[in-house]
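If you read the sequence from its start, that first residue is 1, and numbering goes on from there. Keep in mind the model is a prediction, meaning the values are calculated, not measured.
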Amino acid sequence: YVVIQRDSTGNGEVWYRALEGDTTLIKLTEPGTTGDYGARFSPDGEWIIYTRGAGGGAQVIARRFPELTGRVQVSINGGSTPVWSPDGSRIYYVNGNQLWAATVGSTDPLTITSRDVVLDRGYTFNNIHADYDIMADGSIVAFQSPSQDQQLIVVRNLGVELRDRLRSMPR
């Protein structure tokens with residue numbers, strides 16, 4: 001399957017379709033709802049998470065996939081841009097300038113056993129698209145808001161740059 005974000009009217013809608021067989025586009029969320037975005041499949045492909053309700057009332061929702069049953073509210077008091085941990089044991093989401101992690105107790109049915117703040121300083125998150133990710137070892141990669149004295153350095157063709165620098169080093 002592939003999940004698709006459609007936003008022709010300014011109100012996001014999440015759709016999906018199979019890559020083979022019947023490739024009819026199907027709306028993920030309930031009829032008549034808008035403001036949904038940021039969908040991601042669980043590592044085992046059995047669940048899908050997304051943000052429901054853009055704006056101040058946004059929450060992270062999980063649904064069994066592809067049946068679209070078992071609707072579970074993952075976040076409390078707001079949440080957006082969810083990301084699964086690589087092992088499926090946690091669902092990360094943003095609430096304001098904090099990154100939260102909801103611990104998954106079980107997946108049949110999906111239960112959340114706790115919610116904890118994991119990042120709470122100097123980060124400004126994008127509330128539409130996740131600008132962070134979780135690595136296989138559990139570490140978090142996130143963009144930090146730069147201070148006035150920081151620079152962003154982009155190195156194109158890093159392999160070529162390293163090779164040239166290594167060649168010029170004394171042996």
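No continuous path of ILVMFWY side-chain contacts below 4.5 Å connects L28 to W47, so the two sit in separate hydrophobic clusters. Residue I48 is grouped with residue I26 when hydrophobic side chains (ILVMFWY) are merged at heavy-atom distances under 4.5 angstrom, including chains of intermediate members. Residue V83 is not grouped with residue V60 when hydrophobic side chains (ILVMFWY) are merged at heavy-atom distances under 4.5 angstrom, including chains of intermediate members.
Closest approach of R40 and D133 over heavy atoms only: NH1-OD1, 4.3 Å. Minimum heavy-atom separation, S106 to V104: O-CG1, 3.4 Å. The two atoms that bring S85 and P43 nearest to each other are O-CG, 3.4 Å, heavy atoms only. Taking both residues in full, the closest heavy atoms of Y93 and G79 are given as CD1-CA, 3.8 Å, listed atom of the first, atom of the second, then distance.
F41 has its ring centre less than 6.0 Å from the ring centre of F65.
Looking at heavy atoms from C-beta onward, R71 lies in side-chain contact with I61 at the 4.5 angstrom threshold. With a 4.5 Å cut-off on side-chain heavy atoms, Y92 and I134 count as touching. No side-chain heavy atom of Q59 sits under 4.5 Å from any side-chain heavy atom of T51. Residues W84 and S89 have side chains not in contact (no heavy-atom distance under 4.5 Å, counting atoms from C-beta outward). Within the 4.5 Å cutoff, side-chain heavy atoms of V118 are placed close to those of R90. A heavy-atom distance below 4.5 Å is not found between the side chains of D120 and N97. At a threshold of 4.5 Å between non-hydrogen side-chain atoms, the residues R64 and V72 do not count as touching.
Distance check, rounded to the nearest 0.5 Å: OG1 of T24 to CH2 of W15 gives 11.0 Å. Distance CD/E13 to NZ/K27: 4.0 Å, rounded to 0.5 Å. Rounding to the nearest 0.5 angstrom, the gap separating the OH atom in Y50 from the OG atom in S80 is 14.5 Å. From I140, atom CD1 reaches atom CE of M135 across 10.0 Å, with rounding to the nearest 0.5 Å. Within the model, atoms CG of N95 and OG of S75 stand 7.5 Å from one another, a figure rounded to the nearest 0.5 Å. The distance from atom OG of S42 to atom CG of D87, rounded to the nearest 0.5 Å, is 11.5 Å.
Side-chain polar atoms of T113 and T103 form no donor-acceptor pair below 3.5 angstrom.
Between R17 and D22 there is no salt bridge, since no side-chain nitrogen of the basic residue lies less than 4.0 Å from a carboxylate oxygen of the acidic one.
Within the 3.5 Å criterion, the main-chain N or O of D36 finds a donor-acceptor partner in the side chain of Q5.
Across L99, I49, V94, a single residue satisfies side-chain contact (heavy atoms from CB on, under 4.5 Å) together with T81, and that is V94.
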